[in-house]
Amino acid sequence: MSQVRVRFAPSPTGPLHIGGVRTALYNYLFARKNNGVFILRIEDTDQTRFVGGAEEYIMDSLKWSGIVVDEGINEGGDYAPYRQSDRKHIYRQYADTLFDKGYAYYAFDTPEELEALRSASEKEGKTFIYNAGVRDKLNNSISLSAVEWNAKLDRGEPYVIRFKMPQEEEIHFNDLIRGHIFVNTSTLDDKVLFKSDGMPTYHLAHMVDDHMMKITHVIRGEEWLPSLPLHVLLYKAYGWDAPLFAHLPLLLKPDGKGKLSKRDGDKMGFPVFPLFWPYGETAKGYREDGYYPEAFINMLALLGWNPGTEQEIFSMEELINAFSLDRVGKSGSRFDPEKAKWFNHQYLQRRTNNQLALEFREFLRAKGFHVDMVRLEMLIGLVKERVSFVKDIWEQTDFFFKAPEGYDPDMVKKRWQADSGRMLNELISILQGVDDFTATATESAVKTWIESKGYNTGSIMNAFRLVIVGTLRGPHMFDIISWIGKGDTINRIEKGISEISRK
RNA sequence: GGUCCAUUCGUCUAGUGGUUAGGACGUCAGGUUUUCAUCCUGGUAACAGGGGUUCGAUUCCCCUAUGGACUACCA
């Protein structure tokens with residue numbers, strides 16, 4: 001068999017949705033798995049919907065995700081150009097071929113006329129379909145005489161080129177994910193192939209390009225399934241071999257009904273886009289929310305596909321190895337933001353303290369703290385397993401950098417006893433006597449003291465934590481005081497005693 | 001409305017003509033942690049409904065219901 005060639009073909013109409021990233025990913029995995037080629041083609045035939053920055057956004061998103069394009073606008077390739085507006089000149093002749101062969105015709109109906117027909121049909125509870133049923137009553141090169149429609153062309157009247165859908169024919173085709181499907185052409189309409197503005201529609205452009213670029217497998221979203229019969233007919237009309245098709249199920253809302261949208265993300269506080277979108281109505285991105293691209297991709301890969309084993313954590317290499325189209329599900333997947341966080345937690349745990357320290361150092365710098373790497377790595381080691389994102393580390397460690405500004409009133413009420421101040425004063429002198437201020441040294445000194453006095457460990461330690469942290473949370477107490485040092489520890493105890501006792 | 005597609009725990013899913021219907025996220029409980037979190041252990045929880053076919057259907061077929069996509073000179 002010839003070399004596998006697949007393409008991801010988005011429209012630059014705004015930021016790329018994570019559903020789009022998943023489509024790109026599956027194409028990419030399929031290509032790599034089969035030693036094939038992954039192509040990025042920009043489908044910008046609708047000039048009215050063009051959005052500046054979207055093309056770069058698409059490329060940046062793929063790059064961040066670790067999806068490597070083999071042929072595309074930046075990469076070049078034997079089938080360039082890879083942007084449809086740059087290929088404009090090649091489509092017209094293919095529309096003409098279809099006309100010459102009798103598979104297409106000119107239509108002069110104005111958008112207003114068609115709109116009127118549609119609303120009239122709707123009033124009767126019917127759907128207006130521009131096909132064999134009404135074709136010869138409308139304004140086109142089939143209903144009009146050759147003299148008439150040629151005159152219109154000569155006058156420069158706007159027109160489109162429509163596909164001439166067969167009247168009553170069963171179209172059978174196969175989808176790699178869904179199997180055999182068939183539909184009767186009487187329910188299909190004469191789709192516009194070539195627009196009056198001189199641009200092809202998606203239906204013409206994508207298949208001409210797929211054919212010219214020798215695409216072997218079309219892996220795209222389920223929203224294209226209804227137009228597959230048209231595409232199959234088009235391939236037949238040209239006498240071309242059609243590629244194999246695989247229609248991917250959609251990503252659905254975490255709750256409620258319908259497909260995942262930007263609104264869901266806004267409402268529930270999770271991103272629906274890979275990267276921050278800075279234009280117009282801005283949108284948050286996974287990258288900016290602190291997700292690792294590996295976790296993001298891993299999460300997306302498992303939404304609609306599964307390996308058939310119980311493995312859940314996959315590197316890109318592993319995904320490539322394990323991927324196959326026949327393990328892609330048929331039904332839409334509800335997106336679960338909680339599971340996305342879990343994936344990031346897993347990836348964060350697999351990073352070394354050194355890597356995390358490097359990442360967290362940027363955070364600290366922004367806050368004006370400068371800590372050397374050795375101490376930072378120690379700190380990371382204390383809180384690493386408690387967090388899912390680098391940015392969470394701050395919430396877990398803020399009290400390492402500054403004494404508490406207040407003391408949790410509920411906890412004080414619950415844990416601060418009449419003699420807590422006296423005992424903590426004793427504790428100060430115990431700590432004062434520890435020269436080597438390591439966690440083990442201070443711990444053993446304090447435990448010996450508590451035992452010798454017959455104190456209650458719990459009440460001492462809770463009060464201790466209160467004055468050091470400000471509330472009852474955080475890592476092991478002796479790890480904390482070892483990190484902040486003897487001087488600061490004692491200062492905090494003294495400050496805590498005086499401030500809490502005063503109340 | 002019409003056409004097409006889909007339907008296993010709350011969610012992502014595995015699975016088979018005869019299984020204690022498995023895993024993960026979430027959730028709940030217990031344990032560890034003198035705090036909180038993590039972690040560990042355990043529990044909860046599903047074959048949409050109705051007809052067939054069959055000795056036997058979650059699995060195969062049909063119908064219904066529900067969900068989704070499409071129904072543009074948008075992709």
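So you know, we letter chains A, B, ... as the sequences are listed, proteins then strands, and number each from 1. Remember, it's a predicted structure, so these values are computed and weren't measured experimentally.
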Suppose you measure atom P in B:rU34 against the same atom in B:rC28; what distance do you get, rounded to whole Å? 24 Å

Can you tell me if A:Arg334 touches the phosphate of B:rA6, counting only side-chain N or O atoms and a distance under 4.0 Å to OP1 or OP2? no

What nucleic acid atoms does A:Pro229 come within less than 4.0 Å of, heavy atoms only: base, sugar-phosphate, or nothing? nothing

Reading nucleotides 69-75 of chain B from the 5' end, what letters show protein touch, with B for base, S for backbone sugar-phosphate only, - for no heavy atom under 4.0 Å? SSSSBBB

For B:rA46, give the paired nucleotide (Watson-Crick: N1-N3 plus N6-O4 or O6-N4; G-U: N1-O2 and O6-N3; both under 3.5 Å), or none. none

With heavy atoms under 4.0 Å as the rule, sort A:Gly458 into base, sugar-phosphate or nothing. base

For a side-chain hydrogen bond (donor to acceptor under 3.5 Å, both in side chains) check, start with the C-alpha distance between A:Arg220 and A:His206, then their side-chain angles and the critical distance, and finish with the verdict. CA-CA 12 Å; A:Arg220 78 228 299 194; A:His206 96 275; 3.2 Å; yes

Out of B:rA37, B:rC12, B:rC25, which nucleotide sits closest to the side chain of A:Glu338? B:rC25

Could you check which nucleotide pairs with B:rC60 in any of the strands shown, counting Watson-Crick or G-U wobble with both distances under 3.5 Å? B:rG52

Only pairs with both distances under 3.5 Å count, Watson-Crick or wobble alike; so what is the partner of B:rG67 in this structure? B:rC5

Determine the interplanar angle of the A:Phe360 and A:Trp394 rings, folded into 0 to 90°, and report it as parallel if under 30°, tilted if 30 to 60°, perpendicular if over 60°. tilted

A:Trp342 CH2 to B:rA24 P, straight-line distance once rounded to whole Å: 9 Å

Between A:Met461 (CE) and B:rC36 (C1'), how many Å, whole number? 14 Å

Which value, in whole Å, describes the distance between the P atoms of nucleotides B:rG52 and B:rC4? 27 Å

Euclidean distance, atom CD of residue A:Gln396 to atom P of B:rU35 [Å, nearest integer]: 16 Å

Below 4.0 Å: OP1/OP2 of B:rA14 and any side-chain N or O of A:Asn306: yes

Roughly how far apart, to the nearest Å, are B:rA29 and B:rU44 at atom P? 15 Å

When you compare B:rG30 with B:rA69, how far apart are their C1' atoms, in angstrom units rounded to a whole number? 47 Å

What nucleic acid atoms does A:Ile460 come within less than 4.0 Å of, heavy atoms only: base, sugar-phosphate, or nothing? nothing

Check every strand shown and say whether A:Gly329 touches a base, only sugar-phosphate, or nothing at a heavy-atom separation below 4.0 Å. nothing

Let's test this: given Watson-Crick or G-U wobble pairing with both distances under 3.5 Å, identify the partner of B:rA21. none

Nearest-angstrom distance, C1' atom, B:rC5 to B:rG43: 38 Å

Closest nucleotide among B:rA14, B:rC12, B:rA24 to the A:Glu312 side chain: B:rA24

Within 45° of the ring axis of A:Tyr130 and under 6.0 Å from its six-membered ring centre, is that where the NZ or CZ of A:Arg162 lies? yes

Determine the interplanar angle of the A:Tyr106 and A:Trp149 rings, folded into 0 to 90°, and report it as parallel if under 30°, tilted if 30 to 60°, perpendicular if over 60°. tilted

Any side-chain N or O of A:Ser333 under 4.0 Å from OP1/OP2 of B:rU13? yes

Is the ring pair A:Phe245/A:His247 parallel, tilted or perpendicular, if the boundaries are 30 and 60 degrees? parallel

Is it the case that the side chains of A:Asp109 and A:Tyr159 hold a donor-acceptor pair, with the cut-off being a distance below 3.5 Å and no angle test? no

Just the rounded figure in Å: distance from C1' of B:rC36 to CD1 of A:Ile480. 10 Å

In whole angstroms, the gap separating P of B:rU11 from CG of A:Leu302 amounts to 17 Å

Ranking A:His345 and A:Met411 by the position along RNA chain B of their nearest nucleotide, the one closer to 5' is A:Met411

The side chain of A:His476 is closest to which nucleotide in this list: B:rU34, B:rU7, B:rU38? B:rU34

Distance, rounded to the nearest Å, where A:Asn344 contributes CG and B:rC25 contributes P: 15 Å

Please state whether the rings of A:His231 and A:Trp224 are parallel, tilted or perpendicular, taking 30° and 60° as the class boundaries. tilted

Taking any heavy-atom pair under 4.0 Å as a contact, classify A:Arg220: base, sugar-phosphate, or nothing. nothing

Quick check: does any side chain N or O of A:Arg178 sit under 3.5 Å from a backbone N or O of A:Lys330, one acting as donor and the other as acceptor? yes

Using both distances under 3.5 Å as the test, list the Watson-Crick or G-U wobble partner of B:rA75, or none. none

Integer angstrom distance from the P of B:rC60 to that of B:rU3: 25 Å

According to a strict under-4.0 Å criterion, is A:Lys339 in side-chain N/O contact with OP1 or OP2 of B:rU11? no

B:rC36 versus B:rA45 - spacing of their P atoms, nearest Å: 29 Å

Please determine, for B:rU35, whether a Watson-Crick or G-U wobble partner exists with both distances under 3.5 Å, and give it or none. none

Taking atom P of B:rC39 as reference, at what distance in whole Å does atom NZ of A:Lys384 sit? 13 Å

What verdict does the ring-ring contact (aromatic ring centres under 6.0 Å, His included) test give for A:Tyr286 and A:Phe270, after you've listed the backbone C-alpha separation in whole Å, the side-chain angles of each residue and the deciding distance to 0.1 Å? CA-CA 8 Å; A:Tyr286 277 84; A:Phe270 66 88; 7.5 Å; no

In whole Å, I'd like the distance from the CG atom of A:Asp336 to the P atom of B:rG26. 9 Å

Between B:rG15 and B:rC9, how far is it from one P atom to the other, in whole Å? 15 Å

Where the side chain of A:Glu310 is concerned, which of B:rC5, B:rG68, B:rG22 is the nearest nucleotide? B:rG22

With under 30° as parallel and over 60° as perpendicular, where do the rings of A:Tyr455 and A:Trp449 fit, or are they tilted in between? perpendicular

